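First the proteins, then the strands, lettered A, B, ... as listed; each starts at 1. Model, not experiment: these values are computed from the prediction.
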Amino acid sequence: MPPQYTPAEVEGKLYENWVAEGYFTADAESAKPAHTIVIPPPNVTSVLHLGHALDVTIQDAITRRKRMQGFEALWLPGTDHAGIATQNAVEKQLAKEGKSRHDLGREAFVKRTWEWKEEKGGAILNQIRKLGASVDWTRERFTFDEVLSRSVLTIFKRLYDDDLIYRAERIINWCPRCLTALSDAEVEHHDDEGELVSIRYGEGADAIVVATTRAETMLGDTAVAVHPEDERYAHLVGTEVEIPFTGRRVPIVADAHVDPSFGTGAVKVTPAHDPNDFEIGQRHGLANLVVMDERAVITVAGPFEGLDRFEARPAVVAALREDGRIVAEKRPYVHAVGHCSRCDTVVEPRLSMQWWVKVAPLAEAAGAAVRDGRVNIHPKELEPRYFQWVDNLRDWCISRQLWWGHRIPVWYGPNGEVVCVGPDEVPPGTEAEGWRQDNDVLDTWFSSGLWPFSTLGWPDDTADLRKFYPTSVLVTGYDILFFWVVRMMMFGLYAMKDRGPADSVPFHTVALHGLVRDQFGRKFSKSLGNGIDPLEWVEKYGADATRFTLARGANPGVDLATGEDWCQASRNFCNKIWNATRFALMNGATNTGLPAREQLSTVDRWILSRLTAVTAEVDAYMEDYQHAKACAALYHFAWDELFDWYVELAKAPLNAGGEAAQTTRAVLGHVLDVTLRLLHPYIPFVTEELWKTLTGGESLVIAEWPKADVSLTDPAAEEEILALQQAVIEVRRFRSDQLLNKSQRVPGRLTLSGSLAAHEADLRALARLTPPEEGFATTATLQTALAVVELDLSGTIDVAAERARLTKDQMAAAKEIAQAKAKLENEAFLAKAPEPVVAKIRGRLAGAEADLSRIQTQLAALPAESEA
RNA sequence: GGGCGCUUAGCUCAGCGGUAGAGCGCUGCCCUUACAAGGCAGAUGUCACUGGUUCGAACCCAGUAGCGCCCA
């Protein structure tokens with residue numbers, strides 16, 4: 001075994017073997033209880049980033065533990081068809097050939113997109129292999145697969161028949177670049193620099209000034225609105241005013257939606273290009289004038305016709321200025337503007353005929369499932385965020401003017417018939433007969449909302465569906481709570497309602513993690529150039545190091561900052577595990593079973609007691625999705641206790657040979673075995689490699705998850721080793737302060753009391769003290785609670801350093817005495833504090849007083865300063 | 001504008017009523033035959049501010065300031 005662990009040499013080979021052995025393949029016929037996770041399907045066009053890596057790491061840790069615990073663990077992988085993104089990718093490819101999708105036609109374009117998907121899509125799934133994800137590849141799914149498409153058509157039909165899907169003309173978010181409608185969730189608002197222009201409409205006493213950031217929409221104004229209680233404009237309500245350039249006279253209406261404190265208190269109303277204005281328009285029966293085409297080019301005849309909206313804006317303002325109608329201009333004016341989440345183009349609110357899901361009844365059920373505890377949101381602090389969204393959900397625009405996606409299964413007949421066609425039904429008529437299918441496709445989220453059951457074969461009553469639904473836990477970032485989690489909740493509860501309230505939920509728990517940020521807690525962004533490619537980390541430090549870095553930072557629902565230094569530290573940890581195991585193997589450690597308790601040394605009983613505690617701790621943390629804490633407990637136990645104290649203490653019996661060595665080999669082998677099992681969910685590769693060598697077992701993937709063996713808990717042993725550690729540390733401190741070389745052995749005379757008396761050899765070994773020889777002369781004396789250590793340094797000692805060390809200890813003891821005394825002299829404390837607390841303070845005082853007198857004795861015994 | 005959250009060691013974060021913790025970084029010493037991707041030792045905090053509750057507050061309550069996120 002080389003002294004350094006090289007991940008690249010083992011990871012690929014181990015992974016292929018795991019897959020080949022079928023360890024990750026779940027069996028729907030199994031008698032074991034199921035544990036199911038469906039992966040949040042990444043976009044088929046996407047590549048792995050650290051956020052995915054975190055999500056994958058957590059799901060893998062959960063799944064691997066459950067598998068080891070004896071669950072039939074299914075972790076189902078897949079991707080979504082990402083309507084806009086995929087269509088964009090293929091259109092870009094076509095553009096290079098000088099073609100548009102319209103040149104190909106719908107059918108050929110969809111075929112071409114499938115080809116693109118087969119060739120280039122799903123790269124991310126290969127990337128998660130590199131992370132060691134124990135997903136069931138035999139069940140890989142894609143939202144546009146035949147079975148999943150059937151799920152989509154089925155639920156569409158059911159919702160349609162239940163009047164939960166309808167078609168209506170409304171204001172939608174339109175992306176003039178993607179040329180499709182978007183749902184509210186696909187619009188990102190951020191502050192942009194714009195302008196606020198105040199325009200005077202009308203003349204003389206009847207004139208009214210409106211403020212707007214979108215002067216060009218003036219062409220579509222069909223009213224001016226003021227607040228009904230605004231005295232300034234009361235006399236104008238009911239009159240008409242002329243819209244410049246258009247000659248159109250529009251009413252001045254009173255509407256409570258108007259904010260009298262914004263601008264002049266009067267607003268122009270463009271119902272076809274603003275959601276608020278649309279509502280005002282509905283209330284007042286205003287006309288809806290669409291003034292732009294699908295590419296946001298002005299269509300109103302006149303001087304602005306043919307201008308893009310952003311060209312039209314300054315042109316309109318210039319013309320108004322010329323006309324003397326600009327009263328005020330504020331530039332730049334920073335305000336929130338909606339952008340297409342896919343291409344960042346400014347969204348154009350647009351009046352348009354679209355398909356909608358009536359969400360109120362579905363959302364209510366989705367809220368109730370969390371409120372009554374059928375679904376747990378973890379951590380609970382994020383529940384309000386869920387409710388905030390689910391309780392205020394507006395109807396969901398599900399139609400997209402794309403070609404890549406599930407085509408809406410509605411047919412329109414020659415005589416105005418509208419027929420929704422179910423998955424097993426034939427269209428009501430042919431095109432020749434005058435029938436045509438709706439041109440639009442469904443929002444990708446509509447199909448990913450079905451993911452927890454469409455992937456299991458719904459609507460068919462499959463063995464998978466029976467075995468693995470409801471899924472156990474959904475692991476995702478809190479940023480996705482809104483569009484995706486809520487939608488799965490709505491659809492799951494609706495589609496599975498026959499199963500009854502408890503079993504219709506799509507998952508029992510939603511475990512939310514935070515977003516990954518850079519080492520200073522900043523978001524990753526192109527402009528900062530702070531992006532990190534997780535695969536670079538995998539290559540450089542190994543998949544285990546990458547995973548451990550993410551897992552140990554994963555506090556529920558909290559963002560985690562990370563950087564290469566963190567990953568390097570994780571790599572070092574993996575290497576430490578490697579070397580400690582290497583040491584154990586070189587010394588013949590085996591896991592052939594624990595020796596009888598009578599044969600165990602205190603040191604053995606101590607490490608076994610600690611192992612028991614850590615096993616329980618890690619198990620509890622993992623059960624509660626507290627991965628950062630589980631990792632911290634493992635890191636500390638493995639490195640500081642097992643690989644440091646225990647291994648050092650084990651060297652003596654191992655070197656002594658005989659029965660002592662045998663016992664130690666068995667204990668070391670056992671503790672290492674259990675520790676590797678506990679670490680395996682987080683760092684599967686290095687643990688697997690080492691464990692197979694150590695135990696000769698088949699694979700850790702299918703090994704049993706450790707249970708805490710409370711019969712091994714041993715407080716006395718823990719106390720005894722603690723006393724030993726204190727004594728060792730005391731001598732090491734002295735040596736360090738005296739700048740003694742580590743290899744320099746110092747004669748020492750030990751006077752050990754209590755249980756520490758049994759550990760003279762351990763103390764000598766760890767503190768590097770030789771037995772006193774003839775002519776031993778004490779140069780310095782060290783003391784701890786149970787040990788007096790006299791050292792012979794041939795009279796040479798740095799008295800100043802020793803005085804400084806003791807003085808520091810003296811001050812610490814004095815401070816503690818003062819604090820404890822202050823409490824114990826407080827009658828209110830004695831009267832009201834619980835007895836155990838009082839006893840603890842008394843104990844602390846006694847200990848500190850003993851320390852103090854000991855230190856004072858040592859100080860007094862120090863030679864005069866000049867002596868050297 | 002509405003809502004949620006955060007402010008603890010140089011950095012990133014735990015702790016959420018009884019002596020301030022971790023990782024990384026930093027300082028000094030050490031290539032001690034498992035490991036320098038290592039070992040030993042060490043330094044570092046008016047726990048944002050102001051009040052209150054309590055025998056006791058980083059922790060509970062109220063207010064203030066700054067920061068972040070979500071929604072409008």
Could you check which of [options] has an atom nearest any side-chain atom of [X]?
X	options	value
A:R385	B:A72, B:C69, B:C55	B:C69
A:R844	B:A14, B:C11, B:U19	B:U19
A:R394	B:A72, B:G3, B:G18	B:A72
A:R768	B:C13, B:G23, B:U32	B:U32

Distance between [atom1] atoms of [N] and [M] (Å, rounded):
N	M	atom1	value
B:A48	B:A57	C1'	16 Å
B:C59	B:U7	C1'	14 Å
B:G21	B:A34	C1'	30 Å
B:C71	B:C47	P	36 Å
B:G1	B:C55	P	41 Å
B:U27	B:C49	P	29 Å
B:U32	B:C16	P	43 Å
B:U53	B:A14	P	31 Å

Could you tell me whether the phosphate oxygens of B:A14, OP1 or OP2, come under 4.0 Å of any side-chain nitrogen or oxygen in A:Y621?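 Indeed not, no polar side-chain atom of A:Y621 lies that close.
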Below 4.0 Å: OP1/OP2 of B:G15 and any side-chain N or O of A:K629: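 Yes, within the criterion.
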Parallel under 30°, tilted from 30 to 60°, perpendicular over 60°: which one fits the rings of A:W484 and A:W445?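 Aromatic pair A:W484/A:W445 classed tilted.
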Once the angle between the rings of A:F573 and A:W639 is folded into 0 to 90°, is it parallel (under 30°), tilted (30 to 60°) or perpendicular (over 60°)?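 Plane angle under 30°, so parallel.
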Rounding to an integer number of Å, can you tell me how far [X] [atom1] sits from [N] [atom2]?
X	N	atom1	atom2	answer
A:F734	B:C29	CZ	P	18 Å
A:L766	B:C30	CG	C1'	16 Å
A:K832	B:G18	NZ	P	19 Å
A:L50	B:U12	CG	P	17 Å
A:K380	B:G5	NZ	P	14 Å
A:Y386	B:C4	OH	P	19 Å
A:L512	B:C4	CG	P	18 Å
A:Q388	B:C4	CD	P	9 Å

Specify the residue among A:K840 and A:D184 whose closest nucleotide of RNA chain B lies further upstream toward the 5′ end. A:K840
Nearest heavy atom decides the nucleotide; on that basis, is A:Y478 or A:Q819 closer to the 5' end of RNA chain B?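 Upstream on the strand: A:Q819.
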5' to 3', nucleotides 33-42 of chain B under a 4.0 Å protein heavy-atom cut-off (B base, S sugar-phosphate only, - none) gives -BB-BSBBSS
Heavy-atom closest pair (A:R665 atom, A:G588 atom, distance to 0.1 Å) is CD-O, 3.0 Å
Smallest separation among heavy atoms of A:C574 and A:A545, with atom names: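 Here A:C574 and A:A545 meet closest at SG-N, 4.1 Å.
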Backbone N or O of [Y] within a donor-acceptor pair of the [X] side chain at under 3.5 Å?
X	Y	answer
A:R571	A:G542	no
A:N579	A:P3	yes
A:D544	A:F685	yes

Which residue in the set A:V647, A:N587, A:L649 passes side chain to side chain contact (heavy atoms under 4.5 Å, CB included) when paired with A:L654?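 Exactly one candidate clears the test, A:N587.
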Is there a Watson-Crick or G-U wobble partner for [N] with both distances under 3.5 Å, and if so, which one is it?
N	value
B:G1	B:C71
B:C13	B:G21
B:A62	B:U50
B:U33	none
B:C40	B:G28

Would you classify [X] as touching base, sugar-phosphate or nothing, given that sugar-phosphate means primed atoms plus P, OP1 and OP2, and contacts are heavy atoms under 4.0 Å?
X	value
A:K815	nothing
A:Q519	sugar-phosphate
A:R735	nothing
A:W389	sugar-phosphate

Just verifying a value: how many Å separate A:H636 NE2 and A:D644 CG, rounded to the nearest 0.5 Å?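 It is 9.5 Å, given to the nearest 0.5 Å.
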NZ/NE/NH1/NH2 to OD/OE distance under 4.0 Å, A:R733 and A:D809: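 Salt bridge present between A:R733 and A:D809.
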